[in-house]
Amino acid sequence: MPELEKTSSRPRVLSGMRPTGKLHLGNYMGALANWVKLQDQDQYDCYFFIADWHALTTDYADPSRLKLNTLDVALDWLAAGLNPEKSTIFIQSHVPQHAELNLLFSMVTPLGWLERVPTYKEQQENITGKDLTTYGFLGYPLLQAADILIYQAEFVPVGQDQVAHVELTREVARRFNSMYRTKVFPEPDALLTPTPKLPGTDGRKMSKSYGNTIGLSEPPALVAFKVHNMSTGGQRVRQTDPGNPDLCPVGEIHKVFSSPDVIEETRKGCRTASIRCEFCKIDAGRSVCAVTEPIHDKRRRLESEIDKTWEMLRAQSTKAESRAEETMLSVRAVFDLSRDLGSVRRHFISTEADRRESRDLSANAEWWKLDFAERSRRLRDYWKNNLLPYDVPLSQESNRVFTTPERELEEPFLSQKKKRVFITTARDISKTNEWSFEVPAKSYEVWVLICWHSESYWLDDFVIPQKYYSQAFATAKKLVAKDGKIPVTVKRDEGNRFSLSVAGSTFMAVDELLGNYEPLQ
């Protein structure tokens, strides 16, 4: 398993594309150009993947070109401006967690949700040359949901025709969070992509199935030739006939690719018959080539170093796997499928020696390298699973989804008697035998302070009822804002005695509360 990656604080964007070979201008304007803009804004944490498993939902009968098609898409992406230093660009099948999450979602997703997806029946009716009565084709919207939610993406850039798929993803996230009283998944929003009308060479929608495409990375001469031979929609039979550029496919090409002055000149010339269609097409071809020629040239350079591109995709897929695994740790815990003993271990701890052994965290020293929120979550979960007695259960108070991991850590737990319990962690920095905590200025009946020793990686825990801190806490609360934090300190003296101070109050002895879980009963 790859080392877990530190989560970015920027909102996450995710989208993918099925590998069906080299891209055309419709693919570029419909999605790829917008992805490059999102990436270059430096506003989002962008994930873009090649959906090779999705390709198999319709093309399972002949997968012989799947890897070649995957590379063709990757090369066009890179040539068009996607940058692995700014975005995570990866291959879906190289991140097995997608399939794992899809399987678990399939256990809880009603069949009717999949049958009502609009594109399911539409594609079965329109794609007549393939047998689509398969489990994989029915379930591909759920695989899309797993693709999105495995990265806990907040936004999915899509066209209007894909909004229903994003809505299904939101429903799956909502059902999972509600059913298991957890906050694993956000409900992503569709980031509608402006998609200009881009006709093919015959005037119909540009599509490989129509054979009317202009390749994104084709040589400039071929691009110019295809534009020069485009249909004009049957207008201007004679050179002196005026035309309507809004009804002409070449006019649509100008709108997308030409500069404002060229658009104005060609539109005026078309309406007044002062410009020949041939010259209008030449201008359109130049405008298209101005976009595609740099892409063509860069792709040729990338093709000459194909091994480097493949290794980049593998490295990026490993990076994506690291982020996906971070989510799956939480999902497996929900289903009690975690790869450690977890809370079950408490069934078999019967002696004080076992309990003492559980306080040794030297095997988990790498946790300190994680960011604050993830480290705190791991320590808190470890404490609940390995030290808290099995007959003293704690549950989450609510299933709210929080905007930041830090806010989630403030969410109280409830004891069996509905006491509100706040659990927090700290490590003695520089081996000072002193632990500094921050407690929200909110009402809790019990604090659990988990102290991690930097030298021995030993864990001590103090379960502190309200009567120990109420007076000092009330005084401190008056001095901070409603959503402020109150400093709490635990220290150990040379005699190995522990004491507690709240916001600078006089230290009080808390040795009797060390490893004492009675306040939670």
Side-chain angles (χ1 to χ4, degrees), residues 4-16 44-49 51 53-54 88 90 92 95-110 113-114 117 139-158 162-191 320-339 371 373-374 376-378 380-381 395-411 413:
L4 292 180
E5 178 176 303
K6 185 175 179 179
T7 302
S8 170
S9 60
R10 295 179 298 177
R12 193 167 298 111
V13 163
L14 178 131
S15 196
Y44 300 101
D45 192 14
C46 293
Y47 282 68
F48 301 117
F49 70 97
W53 277 335
H54 280 290
T88 304
F90 64 100
Q92 181 188 33
V95 185
Q97 288 86 347
H98 286 240
E100 182 183 4
L101 185 57
N102 178 50
L103 174 66
L104 294 175
F105 279 164
S106 72
M107 306 297 182
V108 301
T109 303
W113 286 13
L114 301 176
V117 174
Y140 85 85
L142 194 58
L143 179 56
Q144 282 187 330
D147 296 333
I148 296 166
L149 295 175
I150 193 79
Y151 301 101
Q152 298 171 314
E154 288 98 328
F155 298 104
V156 185
V158 293
Q162 290 288 311
V163 170
H165 289 256
V166 178
E167 184 54 39
L168 174 67
T169 300
R170 291 170 57 84
E171 289 180 337
V172 170
R174 196 177 305 129
R175 179 178 174 86
F176 184 95
N177 290 338
S178 175
M179 180 176 290
Y180 299 109
R181 293 184 60 80
T182 186
K183 302 174 283 291
V184 174
F185 299 116
E187 294 180 27
D189 291 318
L191 195 61
E321 183 181 1
S322 173
R323 181 60 188 82
E325 179 64 17
E326 186 178 326
T327 302
M328 287 311 302
L329 291 174
S330 300
V331 175
R332 293 187 200 115
V334 166
F335 287 105
D336 210 10
L337 295 171
S338 59
R339 295 173 184 177
D371 64 80
E374 181 60 26
S376 297
R377 189 179 297 107
R378 297 276 188 98
R380 187 180 67 182
D381 290 345
S395 60
Q396 291 281 167
E397 185 178 46
S398 74
N399 62 347
R400 288 184 294 161
V401 176
F402 290 88
T403 55
T404 65
E406 288 76 15
R407 283 296 182 188
E408 181 182 339
L409 291 173
E410 295 181 11
E411 180 71 356
F413 289 81

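Residues F185 and A173 approach most closely at CB-CB, 3.8 Å, considering heavy atoms. Closest of all the heavy-atom pairs between V166 and P188 is CG1-O, 3.8 Å. Heavy atoms only, all atoms of each residue included: V95 and E321 are closest at CG1-CA, 3.7 Å. Of all heavy-atom pairs spanning D147 and Q92, the tightest one is OD1-NE2, 3.0 Å.
Between the side chain of S338 and the backbone N or O of A333 there is no donor-acceptor pair closer than 3.5 Å. Looking at R12, its side chain never comes within 3.5 Å of a backbone N or O of D45 through a donor-acceptor pair.
Salt-bridge check for R174 with E171: failed, with every basic side-chain N at 4.0 Å or more from each acidic carboxylate O. A salt bridge is defined here as a Lys NZ or Arg NE, NH1 or NH2 lying under 4.0 Å from an Asp or Glu carboxylate O, and E325 with R332 meets this definition.
Every residue two or more places apart in sequence or in another chain that forms a ring pair (Phe, Tyr, Trp, His ring centres under 6.0 Å) with F48 is listed here: W35. Residues forming a side chain to side chain donor-acceptor pair (under 3.5 Å) with R175 (at least two apart in sequence, or on another chain): none.
With contacts defined as side-chain heavy-atom distances shorter than 4.5 Å, the pair D381/R378 does not qualify.
F90 has its ring centre less than 6.0 Å from the ring centre of Y151.
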